[in-house]
Trainee: 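Could you have a look at this structure, given as structure tokens, before my questions?
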Amino acid sequence: MAHHRKKRDNVQYQAASIEQEAQAFWESQASFIAKPDPKREKFYCLAMFPYPSGKLHMGHVRNYTIADVIARFQRMLGKNVLQPMGWDAFGLPAENAAIKNNVPPAAWTAENIDYMRDQLKRLGFAYDWTREVTTCEPDYYRWEQWFFTRLFEKGLAYKKQAEVNWCETDNTVLANEQVVDGCCWRCDNPVERRNIDQWFIKITDYAEQLLNDINQLDGWPEQVKTMQRNWIGRSEGVELQFDVDGHGPLSVYTTRPDTLMGVTYVAVAGQHPLAQKAAESNPELKAFLNSIANTKMAEADLATAEKLGMATGHTAIHPITGREVPVWVANFVLMSYGSGAVMAVPGHDQRDWEFATKYGLDIEQVIQSCSDDDCDLSKAAYTTKGTLVNSGDYNGLSSAEAFEAIAAALEASGTGHKTVQYRLRDWGVSRQRYWGAPIPIINCEKCGAVSVPEKDLPVVLPTDVEFDGVGSPIKKMPEFYTTTCPCCGGPAERETDTFDTFMESSWYYARYASATNDQAMLDKDANYWLPVDQYVGGIEHAILHLLYARFFHKLLRDEGLVNSDEPFKRLLTQGMVLKDGAKMSKSKGNTVDPQALIDSYGADTVRLFSMFAAPPEQSLEWSDAGVDGAHRFLKRLWRMAFEHIEGSADTPEKPLTAKDVRRKLHETIAKVTDDYGRRQTFNTAIAAVMELCNELVRLDQSNATSREVMREGLSVAVRLLAPIVPHLCHSLWQALGYKSDIANEAWPEVDQAALIRDEIELVVQVNGKVRAKMSVGVDASKESIEQLALAQDNVQKFIADVTVRKIIVVPGRLVNIVAN
RNA sequence: GCCGGAGUGGUGAAAUUGGUAGACACGUCGGAUUCAAAAUCCGAUGCCCUUAAAAGCGUGCCGGUUCGAGUCCGGCCUCCGGUACCA
């Protein structure tokens, strides 16, 4: 009876106690605390840190499990692994929560961090918690403020006017997210665009490097590199001037100077000085400018808005022909792009064509197709390159030839020149919000903008504030903003804008390396750990965050703080977690709380399902039934191991030979190693171990050879799964009699001798359709394979009435008989 | 609008370099075990026709290249991510 109970206890998989035990072991051994060691190869594995929104969601679980699997795999390969964790703790949601729950943002954030840290610990992630960074703490943002003053002194940070969404009623700036259908989300009044002074960092100075260095990023997905290239948007074109009566030269940029002879009007942005000035004496134009100023400033809204325009009354002189063309204001021309003015060639640009068609402006053809393409300018613009017509001296030239000839003519007359332009704009880092790092600048009437001296840093954000959401509290706190000028000692005011939260997330990966240093932003350890070997995060960060972080790394390099060019060697962009085909959200009511699943199944089951349900880069459809299945597999593995240890396994009905199972075993090691390392497809790695287990249970363990293969198989399966289900494997490894810590155990190696086969199965096709299967020796000749294929009964049936034309033999795979 | 993806059984998916479509699971059905249930184990399971076998059809839609296409090319459709102040 006692024996019976003992066996039942062992055979029963108890996740909760196993997980507690393993986590206590890692804690007591300080297993995951990373120390620089120049003698060992390092591996820095990083998942994008979370915004502390309240509790973990499934996207976090997936993100952090993927990174943890990679970190644990690399540890077993013998690397010195660093895997840190921290909090992207500034941002808008804390302000919203503050209004809703009447809690100050700092307190709300701190509470969330405490709760979420516990959840991460419960999931068994192998983090070095001694390096935790929290971006809303002064010991973090002081270095960001210090670095900004360095950039300011180098001339890389500057102030200029830029547009924001403005709500007149609430007297406040709105984020794009806070504008719903062109209206304020809180008071529902229409939003307008307004220009205010803002701080910018000159990312455009680094545009060329950021573009060129994409070529170094061998470990990045091609799609992300393409998106970044397109975002930077390098183009070669011509900058030229139209002379405008009563205004002077008006500069425009075009990538199609070959179409210059087809210009029938010029369009400027509503904010353009020319338009603003013209409106002063033209009330109708002034009303129009006001009416187009109330669109949301998001690009998607501007691009899809109905095209609207009005003539300014000015005319521009064509720089080559001297022809006079009208100057219009158009809502699709943006002041922040290029010079805020464009030349319009409605014959060969679709947007210009639509505008011209709507307002009855001339459309002229100056490019003719080289082939037979349709070119009906009454239906659409012809945007393909071709041969010039109606272009005077340039008639007959190709677009490429005309590009050069026209550029040369403009250059000769001093009205234009070839130039390279980038779509990328400078990075606006000012936010008119409370919950962010204060911008360390003092505005003095005499001295202008002056950076806060290093000895006075950090500029600490007051956290004991009343927060009502209408304007930032520090803008109403003289005790915060009243100060003296560091230059002249006279009365001055602090900047009350705070930094864009992308600032904090642009360098946190580096700070982890020197997290506890309170004397410097970064130290020599940064160059030991950096660059990050593996970065894991959502595809939604493919452009902004990853571009800003790449930019910041180059700024850190040029300040002498790091010695590499790029921050992230290899990047894995994980897909979203869906439920019923839609993104999980509170409003749809389709959320799944990871905590409830951890409580009922354990962390290992949640980790296993997250990794099994889909490859990391695809979206993952959540399924409660699938979680159940993952749990069942763990129970099965557990029982299989204990039945082996106790010698209580039943004899299988159709046993497999030890040799065949051992070959499968070593094939599995090879496949899983490739899946973890090169392919990063953890779902197929798990499937391969499941297949192995399905074969292992069919070993007859009353036979010593098979029993030995079973033992080898279990020790391998447990190590192969250890990165994914570390608690269970920690426990089983000990139960199998091993004294070592599996987290640092060596990864299993493939025994090449075990992989050798005598025979392989080939498929026989007739005209590409499978008609038979046959087994041949591995070294069978092409001729013997052809003969054997033709002799198959079902093949004979299909070639009886036709002539065999050709036989294709694909070694190790198939034979295709072509007949007709 | 623009840029980047995705679409395969009832479901999640696999097929790695153009070579057996559906591995591995979930679900369903049938069986074993049980007084019974849960749990567990065994078997079947793309669709269609069929007692069965064989054949036929089948990777969002239309067309192309090839001995051979889920995979490559051209043209669509739908959904998703980003679009510079959500993070």
Side-chain angles (χ1 to χ4, degrees), chain A residues 48 50-51 53 88 90-93 162 164-165 173-179 198 221-224 226-227 229-231 233 297-305 332 336 350-351 424-428 430-433 500-502 505 538-545 547-548 573 575-576 578 581-583 609 612-615 617-630 632-633 635-636 639 650 653 671 674-675 678-679 681 683-684 686-691 694 697 761-765 767-770 773 794 797 805-808 810 812-819:
Chain A
M48 289 179 187
Y51 179 80
S53 53
D88 187 14
F90 274 135
L92 212 46
V164 290
N165 297 309
V173 172
L174 299 174
N176 281 331
E177 197 190 43
Q178 298 172 317
V179 181
Q198 308 212 52
E222 215 45 59
Q223 56 152 311
V224 175
T226 304
M227 282 192 261
R229 284 192 188 100
N230 291 339
W231 185 260
M297 60 165 204
E299 191 195 322
D301 296 273
L302 294 171
T304 51
F332 61 82
S336 47
Q350 187 57 26
R351 199 170 56 176
L424 182 68
R425 314 194 301 250
D426 273 341
W427 178 11
S430 298
R431 296 293 180 269
Q432 299 69 39
R433 310 195 193 293
D500 175 9
T501 57
F502 276 126
S505 57
I539 184 68
E540 67 273 19
H541 295 295
I543 296 174
L544 293 183
H545 161 63
L547 189 67
Y548 292 140
T573 49
M576 290 185 314
L578 310 177
K583 192 172 174 174
F609 177 74
F612 181 60
E617 304 209 310
Q618 270 179 40
S619 58
L620 182 154
E621 175 66 33
W622 192 263
S623 149
D624 292 335
V627 178
D628 224 35
R632 204 175 306 159
F633 171 71
K635 284 195 287 189
R636 214 152 84 92
R639 193 175 55 241
D650 294 334
E653 275 176 43
K671 162 127 183 92
D674 189 42
D675 283 353
R678 180 181 64 89
R679 299 214 309 150
T681 52
N683 57 327
T684 53
I686 294 164
V689 178
M690 286 175 169
E691 280 185 58
N694 290 344
V697 289
E761 189 174 70
L762 288 187
V763 157
V764 186
Q765 299 180 333
N767 292 329
K769 293 194 173 172
V770 179
K773 290 176 186 179
N794 203 41
K797 223 167 87 184
R805 301 286 176 193
K806 192 157 57 160
I807 302 180
I808 290 154
V810 182
R813 292 215 177 254
L814 56 74
V815 182
N816 189 13
I817 297 164
V818 185

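Reminder, nothing fancy here: chain letters follow the sequence lines and each chain counts from 1.
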Trainee: Between A:Asn816 and A:Ile808, is there a donor-acceptor pair closer than 3.5 Å when you use the side chain of the first and the backbone of the second?
Mentor: no
Trainee: For the C1' atoms, the ones on B:U71 and on B:U8, what distance do you get once it is rounded to whole angstrom?
Mentor: 12 Å
Trainee: Just how far is it from atom CD of A:Gln618 to atom OG1 of A:Thr681, taken to the nearest 0.5 Å?
Mentor: 11.0 Å
Trainee: Are any of A:Asn794's side-chain N or O atoms less than 4.0 Å away from OP1 or OP2 of B:A54?
Mentor: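 False: A:Asn794 side-chain N/O out of range (4.0 Å or more) of B:A54 OP1/OP2.
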Trainee: Quick one: label A:Glu540 by what it contacts on the DNA or RNA (base, sugar-phosphate, nothing), any heavy atom closer than 4.0 Å.
Mentor: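 Answer is base: heavy atoms of A:Glu540 come under 4.0 Å of a base.
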Trainee: Taking the inter-plane angle between the rings of A:Phe502 and A:Tyr548 on a 0 to 90° scale, is it parallel (under 30°), tilted (30 to 60°) or perpendicular (over 60°)?
Mentor: tilted
Trainee: Going by side-chain contact (heavy atoms from CB on, under 4.5 Å), A:Val164 matches just one of A:Val173, A:Leu174, A:Asn176. Which one?
Mentor: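 Output: one option passes, namely A:Val173.
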Trainee: Mind checking if A:Met48 touches a base, just sugar-phosphate, or nothing, with heavy atoms under 4.0 Å?
Mentor: nothing
Trainee: Could you tell me whether A:Asp650 contacts a base, only the sugar-phosphate backbone, or nothing, with contacts defined as non-hydrogen atoms closer than 4.0 Å?
Mentor: nothing
Trainee: Considering only atom P, compute the distance from B:G70 to B:G7 and round it to an integer number of Å.
Mentor: 14 Å
Trainee: Taking only side-chain N and O atoms of A:Arg636, does any of them lie within less than 4.0 angstrom of OP1 or OP2 on B:C24?
Mentor: no
Trainee: Report yes if a side-chain nitrogen or oxygen of A:Ser623 is closer than 4.0 Å to either non-bridging phosphate oxygen (OP1 or OP2) of B:U11; otherwise report no.
Mentor: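 For A:Ser623, the contact criterion (side-chain N or O under 4.0 Å from OP1 or OP2 of B:U11) is not met.
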Trainee: Determine the interatomic distance between C1' on B:G64 and the same-named atom on B:G18; round to the nearest Å.
Mentor: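 Rounded to whole Å, the distance is 15 Å.
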Trainee: For B:G22 versus B:A36, give the span between their C1' atoms, rounded off to a whole number of Å.
Mentor: 39 Å
Trainee: Of all the choices, B:G1, B:C24, B:A87, which nucleotide is nearest to the side chain of A:Thr501 once you look at every atom?
Mentor: B:A87
Trainee: Examine B:U20: is either OP1 or OP2 under 4.0 Å from a nitrogen or oxygen in the side chain of A:Asn816? Give yes or no.
Mentor: no
Trainee: If you compare every side-chain N and O of A:Arg639 against the phosphate oxygens of B:C41 (OP1, OP2), does one of them come in below 4.0 Å?
Mentor: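 For B:C41, OP1/OP2 do have a side-chain N/O of A:Arg639 under 4.0 Å.
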Trainee: Taking any heavy-atom pair under 4.0 Å as a contact, classify A:Phe502: base, sugar-phosphate, or nothing.
Mentor: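 Touches a base.
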Trainee: Between atom CD1 in A:Ile817 and atom P in B:U20, what is the gap in whole Å?
Mentor: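 Distance check: A:Ile817 CD1 to B:U20 P gives 16 Å.
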Trainee: Between B:C57, B:C3, B:A55, spot the one nearest the side chain of A:Lys769, thanks.
Mentor: B:C57
